[in-house]
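For clarity, every value in this text was computed on a predicted model and none was experimentally measured. Scope of the values below: all heavy atoms of this structure, side chains included, with no hydrogens, waters or symmetry mates.
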Amino acid sequence: MDIFSDSAAQLEQPLQLSRLEEPVVDFPTTGTVKSRLLPAGPWTHMLWNLSGAVVKEMLNLEFIKQLQQGTLSQQYYWAFQRQDVLYLRSFAQVLRTLSIQATSREDNLYWRKSSVEVEQSYRQLHIDVTNNCASPALRGIATMPMSSVTKGYTDYLLEQAPKGYLMGVAAALPCGWLYCELGWAMASYVHTHHPYHNWLTMYTGDEWDSSTKQFICIVEQQFAMADPLKRAQAARVYLESALWEKRFFQQVLNLV
């Protein structure tokens with residue numbers, strides 16, 4: 001299946017927007033997944049509705065189902081983690097850019113702390129992948145190059161981040177928000193004997209929720225302060241990034 005065939009259909013309506021004077025409330029929301037983390041206001045409510053179909057498709061991916069059920073092979077799991085290592089390395093750079101662009105001291109501290117945490121996650125995950133992929137069955141996964149999807153996603157984020165604070169936070173938000181929703185969608189499948197228990201529980205804690213809520217609040221504030229042209233651009237950036245987030249998971253069963 002062509003994982004890029006989603007773009008035209010799902011971007012068609014928001015691409016018709018040239019200005020956003022007020023939050024749009026009439027986007028089709030059929031099948032929209034209710035967010036566990038409430039939007040921070042009308043603008044992030046609009047963004048969630050825009051990405052609703054993307055979120056639903058992501059949660060129904062075969063990779064996600066196998067991960068939930070614990071039937072995903074070790075090869076696919078560690079190939080996914082290897083791509084995450086490569087992704088996080090670039091995402092930390094994006095967060096450092098946001099800390100420089102931040103319009104308040106509170107935002108600056110948030111992004112600095114987040115970038116350090118992502119950098120630490122990247123380094124630890126790199127060690128985990130290297131140590132767990134030493135067996136003959138998993139040989140080569142620890143040195144797997146960046147996939148075309150991972151490169152496309154990170155290139156997109158690195159391209160948007162320098163375009164201004166609004167564009168940067170809009171591009172980065174799907175990584176935090178969709179990952180958080182994914183974590184809670186998997187929560188009911190977690191048990192102590194689940195083969196991927198440690199990874200599944202990383203994204204269902206209060207600390208992760210709190211950080212994502214602050215992220216959503218920052219985006220709401222930036223949309224509220226922006227002019228209508230910038231809002232429309234940022235809404236498209238957010239949705240394109242959400243599509244990349246889905247593709248990141250969708251690629252896994254084609255990695256090995």
Audit row: Phe223, Tyr238, ring-ring contact (aromatic ring centres under 6.0 Å, His included) steps and yes/no: CA-CA 12 Å; Phe223 263 80; Tyr238 166 84; 8.1 Å; no
Between Tyr122 and Asp84: side-chain donor-acceptor atoms closer than 3.5 Å: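 Their side chains do not contain a donor-acceptor pair, so the 3.5 Å distance test is not met.
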Donor-acceptor pair, distance only, cut-off 3.5 Å: does the side chain of [X] make one with the backbone of [Y]?
X      : Y      : value
Arg231 : Trp43  : no
Glu220 : Thr44  : yes
Asn132 : Asp128 : yes
Ser51  : Val54  : no
Tyr110 : Ser211 : yes

Contact check, side chains of His191 and His197, non-hydrogen atoms, under 4.5 Å: no
Basic-acidic side-chain contact under 4.0 Å: Glu119, Arg96: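 Salt bridge flag = yes for Arg96 with Glu119.
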Pair Lys56 + Glu181: basic N to acidic O under 4.0 Å: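 So Lys56 does not pair with Glu181 through a salt bridge.
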Residue that, paired with Tyr77, satisfies side-chain hydrogen bond (donor to acceptor under 3.5 Å, both in side chains) out of Gln74, Gln75, Gln81: Gln81
Parallel, tilted or perpendicular, as decided by the 30° and 60° cut-offs, for the rings of Tyr87 and Phe91: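 Taking Tyr87 first and then Phe91, their aromatic rings lie parallel (interplane angle under 30°).
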Aromatic plane relationship, Phe80 with Phe249 - under 30° parallel, 30 to 60° tilted, over 60° perpendicular: tilted
Pairwise distance OG1(Thr71) to NZ(Lys65) - rounded to 0.5 angstrom: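 Between atom OG1 of Thr71 and atom NZ of Lys65 there are 11.0 Å.
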Derivation and outcome, salt bridge (charged side-chain N to carboxylate O under 4.0 Å, His left out), residues Arg236 and Glu240: CA-CA 6 Å; Arg236 294 195 293 271; Glu240 183 65 61; over 6 Å; no
Test log, rule side chain to side chain donor-acceptor pair (under 3.5 Å), inputs Gln221 and Ser104: CA-CA 11 Å; Gln221 292 166 1; Ser104 71; over 6 Å; no
For the student: nearest non-hydrogen atoms of Ala171 and Pro174, plus distance: O-CD, 3.4 Å
